[in-house]
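Heavy-atom basis, side chains included; hydrogens, waters and symmetry copies ignored.
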Amino acid sequence: MKLTRRLTLAAFAGALALGTAMPVFAADLIAVITPAPDNPFFKAEAVGAEAKAKELGYETLVMTHDDDANKQSEVIDTAIGRGAKAIILDNAGADATVAAVKKAKDAGIPSFLIDREINATGVAAAQIVSNNYQGAQLGAQEFVKLMGEKGNYVELVGKESDTNAGIRSQGYHDVIDDFPDLKLVAKQSANWSQTEAYAKMETILQANPDIKGVISGNDTMAMGAIAALQAAGRKDVIVVGFDGSNDVRDSIKAGGIKATVLQPAYAQAQMAVQQADAYIKNKTVPKEEKQLMDCVLINAGNADKLETFALKD
């Protein structure tokens, strides 16, 4: 009997050391899954969700899918295996994510989506997203004003599999296209990447040296664009972003990027955790699955109040 018990304990310890599939359950665990945290927006989501979950007494499992749908499926399997009570997810694709969220639901684990929607309803418990269309229109209106309603401009678009990229682009054009003297000379995806945006901007600038403005689908690409423009000595080109990052705040204050649109990443993540908590404790389901949070224009007038994707009082 003692030998059997010793062998069982040794096998368990060995399984943990080797990282095998033997699950380690937490009584009250919330999994937080986002794209790579090297993007400050996604880091703010993870930090906000984890802070709220711990404040409410939960253990947390924070993971990243790196915008890879296969890796997302694997980390959701990990959350299921660990017995998570809920999943907070900024997903890796509007179509590719549906099956993974359904898999969690079938295992009795609700998913609370933030930032990005999926192309299905009734699968996630909630989809809490910024009002990207409203925010894009705010950014476009500021861009038109800064451009003086005329001139050649460039658009940098996000990852094509992300519905936010298309929604923001549509919001931009529903405003800008009303001004016939604003000419779109290049529109390219930089996949939300600063490095890719820098390279794309260099190439675009060589082909279109007379550009007057750049409107970007997110702040990370805007930072890549402004770096390429400054390296080329083009401090005259107007750049507008979208997200409300501290990096862009600092650029605005330094006279670089002219404006951005704040989407409340930190608040969204915390709201998702609060809704997950209500579901875990009382089986309370949000009244609406899809919930929109309005965005706020950030420019030189209010950049001082911006801190980690939130406006200070």
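For Ser193, the side chain to side chain contact (heavy atoms under 4.5 Å, CB included) partners at least two apart in sequence or on another chain are Thr195, Glu196. Looking at residues two or more places apart in sequence or on another chain, you find no side-chain hydrogen bond (donor to acceptor under 3.5 Å, both in side chains) involving Ser216. Not a single side-chain hydrogen bond (donor to acceptor under 3.5 Å, both in side chains) links Thr308 to another residue, sequence neighbours left out. Legend: residues meeting side chain to side chain contact (heavy atoms under 4.5 Å, CB included) with Val285, ordered by chain and number and at least two apart, are Tyr279. Taking the side-chain hydrogen bond (donor to acceptor under 3.5 Å, both in side chains) definition, one finds that Asp181 meets it with nothing, sequence neighbours left out.
For the salt bridge (charged side-chain N to carboxylate O under 4.0 Å, His left out) condition, the pairs that include at least one residue of residues 137-146, sequence neighbours left out, are Glu142-Lys145. Residue pairs meeting the salt bridge (charged side-chain N to carboxylate O under 4.0 Å, His left out) criterion with at least one partner in residues 248-276, sequence neighbours excluded, are Arg249-Glu307, Lys253-Asp304. Residue pairs meeting the salt bridge (charged side-chain N to carboxylate O under 4.0 Å, His left out) criterion with at least one partner in residues 169-178, sequence neighbours excluded, do not occur; the list is empty. Screening residues 104-121 for salt bridge (charged side-chain N to carboxylate O under 4.0 Å, His left out), with sequence neighbours left out, gives Asp67-Arg116, Asp90-Arg116, Lys102-Asp106, Arg116-Asp162, Glu117-Lys290. Residue pairs satisfying the side chain to side chain donor-acceptor pair (under 3.5 Å) criterion with at least one member in residues 30-49, sequence neighbours excluded, are listed as follows: Asn39-Thr220.
A side-chain donor-acceptor contact under 3.5 Å links Glu155 and His173. Remark: the Ser169 side chain and the Lys187 side chain contain an N/O donor-acceptor pair separated by less than 3.5 Å. For the residue pair Gln275 / Gln291, a side-chain donor-acceptor distance below 3.5 Å is found, with atom types taken as modelled. Side-chain polar atoms of Glu160 and Ser189 form no donor-acceptor pair below 3.5 angstrom.
With rounding to the nearest 0.5 angstrom, the CG atom of Asn164 is 6.0 Å from the CH2 atom of Trp192. The CG atom of Leu56 sits 4.5 Å away from the CG atom of Asp277 when rounded to the nearest 0.5 Å. One distance of note links OG1 of Thr97 with CG of Asn119; it measures 9.5 Å at 0.5 Å rounding. Here Phe42 contributes atom CZ and Ile114 contributes atom CD1; the two are 9.5 Å apart, rounded to the nearest 0.5 Å.
Side-chain N or O atoms of Asn282 include none that pairs as donor or acceptor with a backbone N or O of Thr284 at under 3.5 Å. Side chain of Gln127 to main chain of Ala124: no donor-acceptor pair is present (N/O by atom type, distance under 3.5 Å, no hydrogens or angles).
Within the hydrophobic cluster formed by Ile, Leu, Val, Met, Phe, Trp and Tyr side chains joined at under 4.5 Å, directly or through other members, Tyr198 stands alone, with no partner residue.
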Report, one line per pair, each donor and acceptor closer than 3.5 Å where one atom sits in a side chain of residues 222-234; sequence neighbours left out.
{"unit_1": "Arg234", "atom_1": "NE", "unit_2": "Asp236", "atom_2": "OD1", "d": "2.8"}
{"unit_1": "Arg234", "atom_1": "NH1", "unit_2": "Pro209", "atom_2": "O", "d": "2.6"}
{"unit_1": "Arg234", "atom_1": "NH2", "unit_2": "Ile211", "atom_2": "O", "d": "3.0"}
{"unit_1": "Arg234", "atom_1": "NH2", "unit_2": "Asp236", "atom_2": "OD2", "d": "3.1"}

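For Tyr153 and Phe143, the ring centers are positioned less than 6.0 Å apart.
Closest non-hydrogen pair, Thr163 versus Ala94, comes out as CG2-CB, 3.4 Å. Ala107 and Ile80 get closest at one heavy-atom pair: CB-CG2, 3.9 Å.
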